[in-house]
Structure formats: structure tokens, C-alpha cells
2 protein chains.
Amino acid sequence: MAKKTDLRVKRTRKLINDAFLKFIEEKGFEAMTIQEIADEALINRATFYLHYDDKYDLLEKMSADVIQELTSVINPPFVQADQEVNIERLKGSVTNVYQCIQKHQMFYQVMLGENGINGFRNNLEEVIREKFDRHIKEVVKDPNQFQIPEDLLLHFISAAFVAVIQWWLNQEEKPTPEEMANQLTKLITQGPIQTAGVKIE
Amino acid sequence: MAKKTDLRVKRTRKLINDAFLKFIEEKGFEAMTIQEIADEALINRATFYLHYDDKYDLLEKMSADVIQELTSVINPPFVQADQEVNIERLKGSVTNVYQCIQKHQMFYQVMLGENGINGFRNNLEEVIREKFDRHIKEVVKDPNQFQIPEDLLLHFISAAFVAVIQWWLNQEEKPTPEEMANQLTKLITQGPIQTAGVKIE
DNA sequence: TGATTAATTAACACTATGTTGTTTACAATG
DNA sequence: CATTGTAAACAACATAGTGTTAATTAATCA
């Protein structure tokens with residue numbers, strides 16, 4: 001973060017961000033106009049263009065900031081050299097992730113919500129996939145140990161991971177980050193069927 | 001489906017649909033204009049408005065048709081009265097789903113692809129979730145058998161399910177529907193970690 | 001306080017939208 | 001095959017949003 005010397009800039013950016021989030025929540029990204037953002041932020045429309053190229057630019061910059069912070073709290077190795085998952089370490093990282101999301105709850109809620117930005121979800125998945133991928137490539141020596149294509153596995157996990165986040169954000173009474181880490185761990189170690197308490201033929 | 005008696009209507013609709021898909025693939029939904037659709041479809045712009053309110057209306061109508069066909073091939077019960085999953089039946093339904101997608105491959109590829117419509121993915125997940133939900137409610141008598149909230153489980157499964165479809169559509173050399181059914185079955189019965197051949201502490 | 005730089009204002013050309021009224025062409029019927 | 005209903009074409013319109021510019025005002029920093 002470069003220091004924003006001028007207070008006016010800081011204030012204007014914040015007003016724009018707030019207005020933007022408000023409208024995404026209320027009417028969705030596509031429906032909002034720059035004039036509306038400006039009105040809500042109590043700035044002139046031309047001022048908006050002094051800060052961002054267009055609303056897509058604004059969206060990208062806001063997302064990038066938050067996602068960057070999130071990735072910084074995911075830290076492998078979850079899998080040790082002996083091919084065992086380190087459950088505690090895994091839970092630790094998941095807990096960190098949920099705490100980070102909690103910190104920016106409003107933002108995530110809006111971006112992943114009903115009227116949210118669907119591209120944001122893809123970004124999240126991609127970022128998670130990359131983290132896992134890099135780690136797996138370090139640890140796994142024998143590609144044949146996979147029962148299915150590695151890439152397929154990564155897509156499965158990252159999508160499920162983000163879906164669980166999305167579910168969590170929609171709950172009135174949110175389980176704690178630690179509880180979420182436990183539930184997610186059950187799901188990916190036992191699989192959803194056994195977690196549902198259903199026997200397998 | 002009401003019968004479209006008039007050939008002209010049939011033709012115009014098809015031309016619009018084709019142009020629409022072409023532009024989604026090329027430049028994405030938001031970037032395309034109705035003028036462009038009309039030019040590509042070799043019809044007058046005003047003609048477009050005789051058939052659809054706007055491009056969102058067109059999108060909805062196209063999606064609804066295809067999703068409707070997809071849901072019709074998912075047929076529970078996968079879980080029997082004795083609380084055992086019927087693996088064969090499950091594989092059968094999954095195979096049907098992939099065959100149905102294969103039939104409209106171009107459409108799904110575009111809609112779920114790089115430049116695709118992200119709301120479409122949500123629709124798919126929702127539809128799958130509902131199917132499963134209705135079935136689960138019939139079979140499961142004791143809500144305590146779940147180790148985690150049922151709703152969370154449903155979100156996990158449906159998101160993973162659609163993610164695997166998405167992965168499949170992006171493969172140059174696509175596994176057969178039967179192979180996909182096998183791989184998906186492994187993932188949801190054993191869980192991703194064991195499927196990766198990694199031991200659990 | 002004075003210098004700097006952000007924000008305001010009003011005007012501009014441009015592009016897309018959705019609608020309307022009239023005319024033309026065609027497809028399905030008896 | 002002629003008739004009739006209706007889809008499609010066409011042209012013109014008002015409306016709304018975009019992105020840019022140049023001159024002016026006002027807030028902030030040092």
C-alpha cells in the first residue's frame with residue numbers, strides 16, 4: 001500500500017467503495033450506473049473517472065485487494081513428507097481463512113451473495129486451487145497414487161471449499177471459524193456420503 | 001413447448017440463438033449489443049424485440065429450456081429405505097446427466113466456460129440441490145444421523161457436482177459419461193483426500 | 001499562508017436502448 | 001390459388017448512459 005497522502009483522495013475512494021457495495025447488494029453490479037454511484041457517494045460523476053476507468057476497473061481493484069489478503073493466510077504444508085495429511089495444520093489454515101473472511105464479512109457477503117459478482121467466486125476458487133496445486137506438486141512424488149486426474153481433484157476441492165464459505169455467509173447464526181474447520185475436515189476426509197451417516201453398499 | 005407453426009419464427013429464433021451463443025463465446029454476455037446480435041442473425045434489430053424483451057430475457061429463456069431437460073434425467077432414489085446408497089443407481093443417474101450435457105455440449109461449454117454466464121452455474125447447482133433435498137427428506141427419518149447441517153452438505157455436493165461438470169467440459173479428450181460417473185462416485189464416497197491416495201493421520 | 005492538487009461544473013460527441021407506425025413479404029388456411 | 005393473418009423490415013424518435021475536456025473552485029499539505 002502506497003501512502004495516500006491526500007485526505008480528499010482517501011475519503012473519495014471510501015465513499016465510492018461504500019456506494020458500490022451498497023448498490024451491488026441492492027440491485028446488482030450490472031444494473032448500477034456510474035451516475036448513481038456518484039450521487040450516493042456525494043461526488044461528481046467526473047470525479048469517479050479521476051479514480052477509476054469504469055465500474056469494471058473499480059470491481060477488479062476492490063476484489064484484488066481482498067483476495068490478496070486472503071491468500072496470505074493460507075499456509076501449507078498440510079501434507080507431510082510421509083504422505084499423511086496433517087489434520088491440525090489443515091484445520092488451522094481453514095480457521096485462518098474463516099477469520100479473515102469474518103473480518104471483511106460485509107464485503108464477502110455482498111460479493112458472494114444473491115446479487116453478487118459471480119466472477120469473484122471464480123477468482124476465489126482459482127486462488128485456492130493454485131495454493132493447493134503448488135503444495136501438492138511439492139509433496140506428491142508418484143502421480144499414480146491419484147485414483148483420478150489431479151486437476152479434477154483440485155477443481156472438486158476448491159469449488160466445494162468456496163461453496164461452504166458461501167453457505168456460511170448466508171447463515172443467520174454463523175458457526176465459529178473453528179467449527180467450520182471441523183465440518184469441512186469431516187467432509188473432505190470422509191466424503192459427503194459418510195458424513196451424512198449413510199451406509200455405502 | 002407450444003408448436004411454432006410459422007417457419008419464419010422458427011428460423012428467426014434459431015438465428016438469434018446461434019448469434020447469441022457465438023457472441024457469448026467470443027466476447028461475453030455483457031459486452032454484446034442487440035444490434036450486433038441482429039446483424040449476425042441477419043435480422044432487423046426491431047425484430048429482436050418482437051421475440052424477446054431484452055438480452056436478459058433471451059438468456060433466461062434459453063437457460064430454462066436446457067436446464068429443464070437436464071433435471072428430467074436425474075431420477076432418485078439413490079438411497080434405499082435401509083439407509084444404504086444404491087451405487088449403481090447413482091452412477092446411472094450421473095451417466096444420464098453427462099449424456100444430456102454431451103447432447104448440448106456446445107451450449108454448456110459456452111455457458112459454463114471462460115466467458116460464460118455465471119448465474120447459469122448457480123441455476124444448475126440450485127436445481128441439483130433441490131432434487132437431492134427432496135429425495136433426502138423422503139428417505140432420512142432421523143435428522144441426527146447427519147454429522148453436519150443437512151443444508152451445508154447439500155451445498156457441498158451440488159457445488160462439487162457442477163465443478164466436475166465444468167472441468168469435464170474444458171477437457172480436450174473427455175472421459176466418457178460412465179467414467180465420469182465412476183470418478184465422481186469415488187470422490188463422494190471416499191472423499192477427496194483418500195481419492196488422492198493420501199493417508200489420514 | 002501560499003503552493004499544490006483534488007474536486008466541481010457544464011458541455012461535448014458518441015453509442016445503445018426500447019418504441020412506434022407504416023410497409024412489405026410470406027405461410028397457412030379454405 | 002387466392003385470401004388473410006401475421007412476422008419481419010424499415011426508418012425515425014426520445015431517452016439514457018458513457019467517457020472526455022477545459023475552466024473554475026476549494027480543500028489539504030508543508
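Proteins come first, then strands; the chains are lettered A, B, ... in the order of their sequence lines, and each starts at number 1. All heavy atoms count here, side chains included; hydrogens, waters and symmetry mates do not.
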**Pair listing, salt bridge (Lys or Arg N to Asp or Glu O under 4.0 Å) test, anchored in residues 183-197 of chain A, at least two apart** = none

**Item:** N/O (side chain, H51(B)) to phosphate O (OP1/OP2, dA8(D)) under 4.0 Å
**Value:** yes

**Prompt:** So, is T12(B) near the phosphate of dA8(D), with a side-chain N or O under 4.0 Å from OP1 or OP2?
**Reply:** yes

**Message:** Taking ring pair (Phe, Tyr, Trp, His ring centres under 6.0 Å) as the definition, give me every residue that meets it alongside Y56(B), ordered by chain and number, with sequence neighbours left out.
**Reply:** F29(B)

**Fill in**
Residues at least two apart in sequence or cross-chain that pass ring pair (Phe, Tyr, Trp, His ring centres under 6.0 Å) with F48(B), listed by chain then number, are Y52(B)

Find the distance [X]:[atom1] to [N]:[atom2] and express it as a whole number of Å.
| X | N | atom1 | atom2 | answer |
| --- | --- | --- | --- | --- |
| Y52(B) | dA8(D) | OH | P | 11 Å |
| L58(A) | dT18(D) | CG | P | 13 Å |
| R11(A) | dT5(C) | CZ | P | 17 Å |
| D6(A) | dA3(C) | CG | P | 18 Å |
| D57(B) | dG18(C) | CG | P | 11 Å |
| F48(B) | dA7(D) | CZ | P | 17 Å |
| I37(A) | dG19(D) | CD1 | C1' | 14 Å |
| L50(A) | dT5(C) | CG | C1' | 11 Å |

For [X], side chain to side chain contact (heavy atoms under 4.5 Å, CB included) partners two or more places apart:
| X | value |
| --- | --- |
| P149(A) | L152(A), W167(B), Q183(B) |
| K14(A) | D18(A) |
| N182(B) | K91(B) |
| Q166(B) | L112(B), R121(B) |

At a cut-off of 3.5 Å, list every protein nitrogen or oxygen paired with a nitrogen or oxygen from nucleotides 23-26 of chain D, distance to 0.1 Å.
none

**Request:** Quick one, give me the B/S/- string for nucleotides 12-17 of chain C, reading 5' to 3', where B means a protein heavy atom under 4.0 Å from the base and S means that only happens at the primed atoms, P, OP1 or OP2.
**Result:** ----SB

**Item:** Where at least one partner belongs to residues 121-141 of chain B, residue pairs that pass ring pair (Phe, Tyr, Trp, His ring centres under 6.0 Å), sequence neighbours excluded
**Value:** F78(B)-F132(B), F78(B)-H135(B)

**Fill in**
Note: contacts of residues 15-31 of chain A with DNA chain D (heavy atom, under 4.0 Å) are none

**Request:** Please name all residues satisfying salt bridge (Lys or Arg N to Asp or Glu O under 4.0 Å) with E60(A), sequence neighbours left out, ordered by chain then number.
**Result:** none

**Message:** In the structure I gave you, are the side-chain heavy atoms of F107(B) and F120(B) within less than 4.5 Å of one another anywhere?
**Reply:** yes

**Asked** Between CD1 of I37(A) and CG of N17(A), what distance do you get to the nearest 0.5 Å?
**Response** 10.0 Å

